[in-house]
Amino acid sequence: MVLKPEEVTSIIKKELEKYKTRLRTESIGTVIQVGDTIARVYGLDDVMMGELVEFSDNIMGLVLNLEEDSAGVVIFGTDNPDKTIREGDIVKRTGKIVQVPVGEALVGRVVNTLGRPIDGKGKIDTQKFRPLESSAPNVVERQPVKKPLETGIKAIDAMTPIGRGQRELIIGDRQTGKTAIAIDTIINQKGKGVYCIYCAIGQKLSSIVAVNEVLKKYGAMDYTTIVSASSRTSASLQYLAPYAATAIAEEFMYSGKHVLVIYDDLSKHAQAYRQLSLLLRRPPGREAYPGDIFYLHSRLLERSAKLNDALGAGSITAIPIIETQAGDISSYIPTNVISITDGQIYLESDLFYAGVRPAVNVGLSVSRVGGKAQSRLMRQVASKLRLDLAQYRELVTFTQFGTDLDKTTRAQLTRGERMIEVLKQAQYEPLTQARQIIIIYAGTSGQLDDLPVNAVRKFEKQLYKFIEEKYPGIQDELTSKNELDEALKAKLDNLLQDFKRSWLNP
């Protein structure tokens with residue numbers, strides 16, 4: 001069959017009408033320098049700050065510097081980028097920012113900074129993602145912090161209480177029990193409906209494994225997620241780790257749930273950022289930290305909040321940890337984080353080595369939310385505690401001169417010595433609020449003044465056993481009541497006197 005010329009023309013026209021051009025444009029650049037996990041890229045004129053870019057072999061990078069004719073990119077996924085990325089390699093824009101998987105699927109898991117599982121339990125099954133960086137809730141979206149987040153530690157719950165939605169700093173020298181307090185607080189959230197996220201930044205891998213094992217042992221991994229950026233990972237992943245942990249926490253908060261986030265620790269986070277900044281040729285400032293180091297931590301911690309009822313009343317409680325050198329809380333990073341947070345728990349080396357554990361310095365520790373985040377009953381019982389300890393510290397200093405002591409001074413010293421013993425607490429043994437109230441009341445009301453100092457800890461342990469056997473209902477009453485009235489005082493006095501009789505005369 002021979003087609004006529006006009007028929008051929010008609011067919012060609014129809015085919016041309018069907019044809020549509022599908023052009024795809026990509027913004028690409030060229031690596032002009034690479035080394036120390038940093039690449040300088042030329043040609044990405046329209047790239048955004050904080051955008052992900054793609055190198056060869058699916059290696060990703062994060063844009064952290066925008067300069068006149070190049071971009072500074074931090075490389076992920078390899079500690080030796082020089083071996084895989086070469087000068088002249090092509091770099092592509094992705095148009096995306098760093099995201100992390102979120103949701104219930106992460107509970108009980110150990111993940112890296114990018115949300116990938118590293119616990120050997122298989123893939124994390126979730127379709128939800130959140131960007132690492134997001135805006136903090138504004139003033140209208142928040143409500144005052146008023147409900148306590150109990151740590152189970154007497155020295156903290158009584159004198160520097162933490163509320164849901166608060167930011168309370170733990171600060172002190174290395175090896176003074178900072179992480180121990182954080183772990184005890186996580187363990188104490190069992191059955192309280194609080195999700196916990198432990199973010200390890202620059203810690204030894206063995207330490208992170210040990211924390212995981214402890215949390216498993218006490219059943220705390222059932223509601224905990226560990227975000228691990230160990231000392232073996234690159235500075236870029238250590239820098240992003242706390243933002244990833246906060247993004248995971250925000251998913252729960254905006255779902256109306258309560259979350260506790262531990263940042264262990266922000267000193268190493270600041271050091272990782274300093275390393276990246278200096279490699280990116282940013283000008284060093286005080287102690288060689290870049291000028292935006294304060295903004296680094298403030299934009300992180302401001303995301304912790306107690307949301308208003310219209311948004312579900314969820315909360316993120318942040319407990320950052322800062323390591324000091326020789327107890328110097330006036331250096332750059334400690335003062336920065338102190339000014340951002342709502343109070344600090346200061347751990348003192350001298351107290352730790354003297355056997356006072358947790359080694360909380362009552363004079364330098366403070367909660368700016370204070371009694372608003374404390375039950376009224378605990379507030380009444382512990383109101384005299386700080387004063388008793390302050391008077392004791394002053395008198396101890398005074399009596400070093402060997403002066404004669406009157407009866408009142410001796411009584412204050414006696415009370416103070418026993419209150420110091422009362423506040424001592426073994427690791428991984430958080431106490432219920434009811435038990436804390438009973439033993440603190442025993443100390444502040446003078447019920448322990450006639451006991452030998454070295455018998456106070458034994459007295460406390462036996463007291464809890466006695467209560468379980470003879471007064472099982474008192475703990476429920478203390479939990480439900482909101483005021484220390486005369487009737488409740490009489491019950492506590494009778495309980496303590498009854499136990500002292502049986503304990504002194506077995």
Side-chain angles (χ1 to χ4, degrees), residues 50 52 60 62 76 96-119 121-137 149 164-167 182-183 185-186 189 192-203 208 211-212 215-216 220-230 233 236-266 269 272 296-297 299-307 311-321:
L52 279 175
M60 306 303 290
L62 177 71
F76 294 155
K96 299 176 183 177
I97 59 173
V98 189
Q99 292 184 316
V100 65
V102 296
E104 296 278 351
L106 276 87
V107 177
R109 303 299 300 270
V110 182
V111 299
N112 66 10
T113 300
L114 302 176
R116 294 167 185 159
I118 53 174
D119 53 7
K121 294 182 180 178
K123 185 181 175 183
I124 292 173
D125 187 17
T126 182
Q127 301 301 316
K128 295 180 180 178
F129 290 83
R130 289 187 76 91
L132 265 63
E133 298 266 16
S134 65
S135 299
L149 185 134
R164 292 186 180 183
Q166 189 177 342
R167 300 155 300 178
I183 299 306
T185 304
I186 291 175
Q189 303 315 306
K192 292 184 168 67
V194 178
Y195 291 89
C196 298
I197 298 169
Y198 177 78
C199 179
I201 311 160
Q203 305 292 320
I208 301 171
V211 167
N212 187 24
L215 294 177
K216 278 183 187 173
M221 281 304 291
D222 295 342
Y223 50 88
T224 302
T225 303
I226 295 177
V227 178
S228 170
S230 71
T233 61
S236 56
L237 294 179
Q238 291 181 44
Y239 157 62
L240 292 173
Y243 299 101
T246 308
I248 294 167
E250 280 177 332
E251 177 65 21
F252 295 122
M253 178 177 74
Y254 285 108
S255 302
K257 300 180 175 70
H258 303 286
V259 196
L260 168 66
V261 186
I262 310 289
Y263 304 105
D264 190 7
D265 64 61
L266 290 188
H269 179 239
L296 185 78
H297 289 150
R299 78 174 190 261
L300 170 71
L301 295 171
E302 282 296 331
R303 291 162 70 180
S304 302
K306 169 70 172 163
L307 295 180
L311 291 173
S315 69
I316 294 178
T317 306
I319 301 186
I321 295 174

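The figures here come from the full heavy-atom set of this structure, side chains too, leaving out hydrogens, waters and symmetry mates.
Taking both residues in full, the closest heavy atoms of A272 and Q238 are given as CB-CB, 3.9 Å, listed atom of the first, atom of the second, then distance. The two atoms that bring A249 and V259 nearest to each other are O-CG2, 3.6 Å, heavy atoms only. The minimum heavy-atom distance between M253 and P137, with the atom names listed, is CE-CG, 4.3 Å. Looking at every heavy atom in both residues, I124 comes nearest to G115 through CD1-O, 3.7 Å. When all heavy atoms of R164 and S315 are compared, the closest pair comes out as CB-OG, 3.7 Å. Here the closest heavy-atom approach between residue A244 and residue T113 is recorded as CB-O, 3.2 Å.
With contacts defined as side-chain heavy-atom distances shorter than 4.5 Å, the pair L62/V98 qualifies. By the 4.5 Å heavy-atom criterion applied to side chains, Q127 and D125 are counted as neighbours. Side chains of V102 and Y254 form no contact here, defined as non-hydrogen atoms less than 4.5 Å apart. Looking only at side-chain heavy atoms (C-beta outward), S304 and V261 stay at 4.5 Å or farther from each other. The closest side-chain heavy-atom distance from L300 to L266 is below 4.5 Å. N112 has its side chain out of reach of T233: every pair of non-hydrogen atoms, C-beta onward, lies at least 4.5 Å apart. Residues D264 and Q203 form a side-chain contact, since some pair of their non-hydrogen atoms from C-beta on lies under 4.5 Å apart.
No donor-acceptor pair under 3.5 Å is formed between the side chain of S236 and the backbone N or O of F76. With hydrogens and angles ignored, the 3.5 Å screen pairs a side-chain donor or acceptor of T225 with a backbone N or O of L106. Between the E133 side chain and the Y243 main chain, no donor and acceptor come within less than 3.5 Å of each other. Panel note: side chain Y223, backbone I186; a donor-acceptor pair is recorded below 3.5 Å. Between the side chain of T317 and the backbone N or O of G165 there is at least one donor-acceptor pair closer than 3.5 Å. The backbone N or O of P101 sits nowhere less than 3.5 Å from a side-chain atom of K128 that would complete a donor-acceptor pair.
In this structure, the separation between CG on D119 and CD1 on I226 is 9.0 Å, given to the nearest 0.5 Å. Interatomic distance, CG of L132 versus CG of L114, reported as 7.5 Å (0.5 Å rounding). Note that OG of S230 and CD1 of I208 are 5.0 Å apart. Values are rounded to the nearest 0.5 Å. Atom CG of L52 is separated from atom CD1 of I97 by 8.5 Å, given to the nearest 0.5 angstrom. Rounded to the nearest 0.5 angstrom, S135 OG and R303 CZ are separated by 9.0 Å. Atom-to-atom distance recorded for L260:CG and Y198:OH is 12.0 Å, nearest 0.5 angstrom.
We find that E251 and K257 are not joined by a salt bridge, their nearest charged nitrogen and carboxylate oxygen being 4.0 Å or further apart.
The aromatic rings of H269 and H297 lie tilted to each other, with the angle between the two planes from 30° to 60°.
When each of T246, I319, V227 is checked for a side-chain contact (heavy atoms from CB on, under 4.5 Å) with Y263, only T246 meets the rule. Each of H258, Q189, K192 was compared with L149 under the side-chain contact (heavy atoms from CB on, under 4.5 Å) criterion, and only Q189 meets it.
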